Amino acid sequence: MSAALNAGPMQQGPDINKGWIITIVAYFVAIALGVWVGVWGGEVSNSVAAFLSTVFIKLFKFISIPIISVSIISTLASLSESQDSGRIFKHTIFYTLLTTLLAAGLAAILYVLFSPANVAMPAETAPAVAGIAKHSYLEYVQSVIPDNFLTPFQTANVLSVLLISLAVGIAISKLPQNSKPKEVIYNFVVACQQVLFIMVKWLIVILPLGIFGFVASLAQELSSGIQLGGLATYFIVVVAANLIQMFIVLPAFLLVKGINPLKVAKGMFPALAVAFFSKSSAGTLPVTMASAENNLRIHPEVSRFVLPICTTINMNGCAAFILITVVYLMQNAGIEITPMTLVIWVFIATIAAIGNAGVPMGCFFLSASLLASMNVPILLMGVILPFYAVVDMIETTLNVWSDSNVATAVNKDLFNQAP
């Protein structure tokens, strides 16, 4: 198994680099065309841009909701497949929740410290902003509780979908082991997940069209008086949250466990490099497992159980991005951001990150879907999107680094082995 794990990613390296360059070029071409159309384009071109931005908002809702649901259900449904995995699972969940909560909490603290300024909107948009701001957050939380199974999926209420998926996934895991109903339901959910991942790849291929639409629409607003203001500060907060978690918080976590973080980083370097360029923690999983077993001598029983689960639910970088992005766009929409709002979103971002799929741009799709489900304008996501390619690299590296930390800590707890 180890040889196969080492061989696979090495063969994909050139394709990953070539694809990354093509993607970056396509993004910048879309940005340039979007700016040109938004500032100097005519009525027809602006209408096309508005049409594309609206279409992609709908596509975000369409693809994100089922992916969130099947990812959570498939993960929870598989938890009891091995009766011997109980202890490992408990330790894994504890460390996953701990590191993800720390990441979201750090993001909230940095958001307060840096306080990114709003993007100033033209006066004519004030009524729409006021209409959003008049709804209390308590009313929104109340709306999260579903009163039937289908409505949350039809209305793209992401948090209601999260609750339903948690309940369904746990219920499936409680079915008798190796029973036909459990096998059929689980295989169906996994098959749906694979189909949705293919559809995500299709969406990423045509994403430059969405970038063009978002940037053109925003550029048109800019020419009408929008000032970007604190957007640069927003990016600083996102990057700082990831880097502090990566270089300070997680190494401190390992030191507390009596583990040398430098040895772990050295052993996991191949996986971290692949994660950075592939922007997919799921795609990096084979080399992550190989590095853990071959370089860190992590017990296979731990690596082959902990790392696949962590790839799905342990998303430190995603939790930080969700919290900062959602809160920032809510703030721009005129919604008051109180300390209690931040505390609530620390937990929401943690839960949402657990439901995120470990694929490129998964956090972006999830954040856009959360915002769209609350009817918060997401035009600013069009500006964030081109630069998210770099943010996604850092986030994915952080996610894989956190997965490695969790696996190493579980290995130390259960087998008393450390690198």
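Owing to the predicted nature of the structure, the values given are computational and were not obtained by experimental measurement. Along the sequence shown, residues are numbered consecutively beginning with 1. The analysis underlying the following values was restricted to heavy atoms, covering all of them including side chains, and did not include hydrogens, waters or symmetry mates.
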Mind listing the closest non-hydrogen atom pair of [X] and [Y] along with its distance?
X      : Y      : result
Thr92  : Ile88  : OG1-O, 2.7 Å
Ser165 : Ile73  : O-CG1, 3.6 Å
Glu336 : Thr341 : O-OG1, 3.9 Å
Pro251 : Gln245 : CD-O, 4.2 Å
Leu307 : Ala407 : CD2-CB, 3.9 Å
Ser367 : Thr325 : CB-CG2, 4.4 Å

Worksheet item: Hey, mind stepping through Val264 and Trp401 against side-chain contact (heavy atoms from CB on, under 4.5 Å) and telling me if it holds?
Response: CA-CA 9 Å; Val264 177; Trp401 172 233; 3.6 Å; yes

Answer yes or no: is there a donor N or O on one side and an acceptor on the other, between the side chain of [X] and the main chain of [Y], under 3.5 Å?
X      : Y      : answer
Asn316 : Asn399 : no
Ser115 : Val112 : yes
Thr96  : Ile93  : no

Note, [X] side chain near [Y] side chain (heavy atom, < 4.5 Å):
X      : Y      : result
Leu250 : Ser402 : yes
Thr100 : Asn314 : yes
Asn295 : Pro270 : yes
Leu106 : Ile244 : yes
Trp345 : Ile337 : no
Leu101 : Phe347 : yes
His91  : Val306 : no
Val168 : Phe149 : yes

Practice prompt. Start with the C-alpha distance between Asp403 and Met268, add both sets of side-chain angles, then the distance that settles side-chain contact (heavy atoms from CB on, under 4.5 Å), and finish with yes or no.
Written response: CA-CA 10 Å; Asp403 295 348; Met268 297 306 299; over 6 Å; no

In Å, rounded to the nearest 0.5 Å, how long is the span from [atom1] of [X] to [atom2] of [Y]?
X      : Y      : atom1 : atom2 : value
His299 : Asn411 : NE2   : CG    : 8.0 Å
Ser291 : Leu272 : OG    : CG    : 8.0 Å
Leu243 : Ile236 : CG    : CD1   : 12.0 Å
Lys182 : Asn187 : NZ    : CG    : 11.5 Å
Ile259 : Asn405 : CD1   : CG    : 8.0 Å

Item to complete: For Phe188, check side-chain contact (heavy atoms from CB on, under 4.5 Å) against everything at least two apart and list the hits.
Response: Cys192

Worksheet item: Using the ring of each side chain (for Trp, its six-membered ring), is Tyr234 parallel, tilted or perpendicular to Tyr328, with breaks at 30° and 60°?
Response: parallel

Fill in: Residue pairs passing the salt bridge (Lys or Arg N to Asp or Glu O under 4.0 Å) test where at least one lies in residues 246-264, sequence neighbours excluded
Lys257-Asp413

Item to complete: List the steps, then state whether side-chain contact (heavy atoms from CB on, under 4.5 Å) holds for Phe212 with Val37.
Response: CA-CA 9 Å; Phe212 165 77; Val37 168; 3.7 Å; yes

Discussion item. Atom CZ of residue position Phe269 - does it have more than 12 heavy atoms of other residues, nucleotides or ligands inside 6.0 Å?
Written reply: no

Worksheet, complete the sentence: Test side-chain contact (heavy atoms from CB on, under 4.5 Å), reference Val238, set Thr233, Leu323, Ile324, output is Ile324

